[in-house]
Protein chains: 2
Amino acid sequence: MQDDKDRFYRQAQIFKALAHSSRLCIIDRLSRGECTPGELTKLIGSDASTVSKHLAVLRAQGIVRERRAGSEVYYRLLMPCVLGFFDCIAQVHGDQ
Amino acid sequence: MQDDKDRFYRQAQIFKALAHSSRLCIIDRLSRGECTPGELTKLIGSDASTVSKHLAVLRAQGIVRERRAGSEVYYRLLMPCVLGFFDCIAQVHGDQ
DNA sequence: TGGCTGCTTGGCCATATAGCCAAATTATTC
DNA sequence: GAATAATTTGGCTATATGGCCAAGCAGCCA
């Protein structure tokens with residue numbers, strides 16, 4: 001009962017982290033290899049601070065992880081199974 | 001480019017619909033068979049109007065569909081592949 | 001028709017989120 | 001140490017969302 005409630009809550013946190021087009025764009029990009037916030041900022045086209053906050057949201061849920069290399073930071077996807085979500089959705093939406 | 005933006009946006013809408021513990025609870029219940037809003041209201045324990053609005057969110061994204069039978073309404077899960085999401089998350093969370 | 005039940009919609013408030021700019025932080029290079 | 005570049009954090013505002021209550025609508029039965 002309470003366990004279920006907790007589990008649903010934690011799962012919902014993950015979905016919430018995925019529930020933004022810029023963050024999906026980030027995940028899509030990271031599925032093809034590591035990337036810096038700077039590069040992602042160019043890709044997405046919003047302010048660097050905005051992108052950084054999106055990355056923080058994904059980090060907080062363990063979806064991505066960062067690695068410092070000198071003055072740069074590289075992010076990588078920790079939860080590749082989320083890519084399967086896209087297939088599921090595409091199936092229903094009939095797109096892609 | 002623009003297509004990608006659109007696709008990410010529509011996918012994000014789906015994730016947004018899934019990003020609430022009560023709605024995940026609904027999906028979990030519907031994965032075991034049809035159910036009325038009344039039953040779901042008892043299960044979740046919030047106001048009937050709140051549950052109805054959650055169902056509207058899921059309906060709008062094509063995740064569930066309703067069927068009228070006299071004065072009652074039965075909801076069913078249209079997107080069973082979302083259940084796979086739970087496995088993915090559990091895998092990472094190590095729970096369940 | 002009138003009343004009942006089941007469900008949805010409208011209205012309102014409290015809270016959360018996304019975005020920008022500005023400022024702080026960390027590492028590099030001169 | 002100062003200047004620069006990359007990233008993050010703080011602060012603010014605008015918008016979206018969730019929740020309740022109250023009201024509306026649809027089907028059923030007396």
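Protein chains get the first letters and strands the later ones, always in sequence-line order, with residue 1 at the start of each.
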Interatomic distance, [X] [atom1] vs [N] [atom2] [rounded to whole Å]:
X	N	atom1	atom2	answer
A:H54	D:dT8	NE2	C1'	14 Å
A:R68	D:dT7	CZ	P	8 Å
B:R67	D:dG27	CZ	C1'	16 Å
A:D47	D:dG11	CG	C1'	14 Å
B:E72	D:dA26	CD	C1'	13 Å

Notebook entry, point to check: First contact, last contact: which nucleotides of DNA chain C are these for chain A, 5' to 3', heavy-atom distance under 4.0 Å?
Noted result: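 For DNA chain C, the relevant span reads C:dT17 to C:dT28.
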
Say you draw a straight line from [atom1] of [X] to [atom2] of [Y]; how long is it, rounded to the nearest 0.5 Å?
X	Y	atom1	atom2	value
B:F8	A:C25	CZ	SG	5.0 Å
B:L40	B:S46	CG	OG	10.0 Å
B:L58	B:I27	CG	CD1	5.0 Å

Check: When you match A:R59 and A:K53 each to their closest nucleotide on DNA chain D, which lands nearer the 5' end?
Finding: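 Nearest nucleotide further toward 5': that of A:R59.
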
Of the non-hydrogen atoms in [X] and [Y], which two are nearest, and what is the gap between them?
X	Y	value
B:V82	B:L18	CG1-CD1, 4.4 Å
B:V51	B:P37	CG1-O, 4.2 Å
A:I63	A:L77	O-CD1, 3.6 Å

Notebook entry, point to check: Below 4.0 angstrom from OP1 or OP2 of D:dT8, is there any side-chain N or O of A:Y75?
Noted result: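 Yes.
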
Notebook entry, point to check: Closer than 4.0 Å, any side-chain N/O of B:T50 to the OP1 or OP2 of D:dC20?
Noted result: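 Answer is yes, contact under 4.0 Å.
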
Item checked: Of residues 17-45 of chain B, the positions that come close to DNA chain D - non-hydrogen atoms, cut-off under 4.0 Å ->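 Those residues whose heavy atoms fall under 4.0 Å from DNA chain D, taken from residues 17-45 of chain B in numerical order, are B:H20, B:R23.
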
Margin query: For B:A48, is there any backbone N or O sitting under 3.5 Å from a side-chain donor or acceptor partner on B:S52?
Written below: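 No.
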
Notebook entry, point to check: Does any donor atom in the side chain of A:E72 or A:Y74 lie under 3.5 Å from an acceptor atom in the other side chain?
Noted result: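 Yes - a donor-acceptor pair under 3.5 Å links their side chains.
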
Item checked: Evaluation steps, side chain to side chain contact (heavy atoms under 4.5 Å, CB included), between A:R23 and A:L55 -> CA-CA 8 Å; A:R23 292 196 290 266; A:L55 287 167; over 6 Å; no

Check: A:K16 near the nucleic acid: base, sugar-phosphate alone, or nothing, with a heavy-atom cut-off under 4.0 Å?
Finding: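 Since only primed, P, OP1 and OP2 atoms lie under 4.0 Å of A:K16, the category is sugar-phosphate.
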
Next item on the list: Answer with base, sugar-phosphate or nothing: what part of the nucleic acid does B:S46 contact at a heavy-atom distance below 4.0 Å?
Entry: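 Counting heavy atoms under 4.0 Å across all strands, the contact made by B:S46 is with sugar-phosphate only.
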
Checklist line | Residue pairs fulfilling salt bridge (charged side-chain N to carboxylate O under 4.0 Å, His left out) with at least one residue in residues 25-39 of chain B, sequence neighbours excluded | finding: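 For residues 25-39 of chain B, and leaving out neighbouring residues, the salt bridge (charged side-chain N to carboxylate O under 4.0 Å, His left out) pairs sorted by first residue read B:D28-B:R32, B:R29-B:E39, B:E34-B:R67.
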
Next item on the list: Let me know, please, whether B:A48 or A:Q13 comes out on the 5' side of the other along DNA chain C by nearest nucleotide.
Entry: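 Upstream on the strand: B:A48.
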
Note to self: Applying disulfide (SG to SG under 2.5 Å) as the test, list every pair that has at least one member in residues 52-83 of chain B; sequence neighbours left out.
What the structure shows: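 Qualifying pairs, neighbours excluded: A:C88-B:C81.
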
Can you name the atoms? Protein N/O to nucleotides 23-25 of chain D N/O, anything below 3.5 Å, with the distance.
none

Next item on the list: Classify the side chain of B:S49 and the base of D:dC21 as holding, or not holding, a donor-acceptor pair under 3.5 Å.
Entry: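 Such a pair is found, so the answer is yes.
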
Next item on the list: List in chain and number order the residues that pass ring pair (Phe, Tyr, Trp, His ring centres under 6.0 Å) with A:F85, two or more places apart in sequence or in another chain; answer none if no residue qualifies.
Entry: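 Only B:F15, B:F85 meet the ring pair (Phe, Tyr, Trp, His ring centres under 6.0 Å) criterion with A:F85.
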
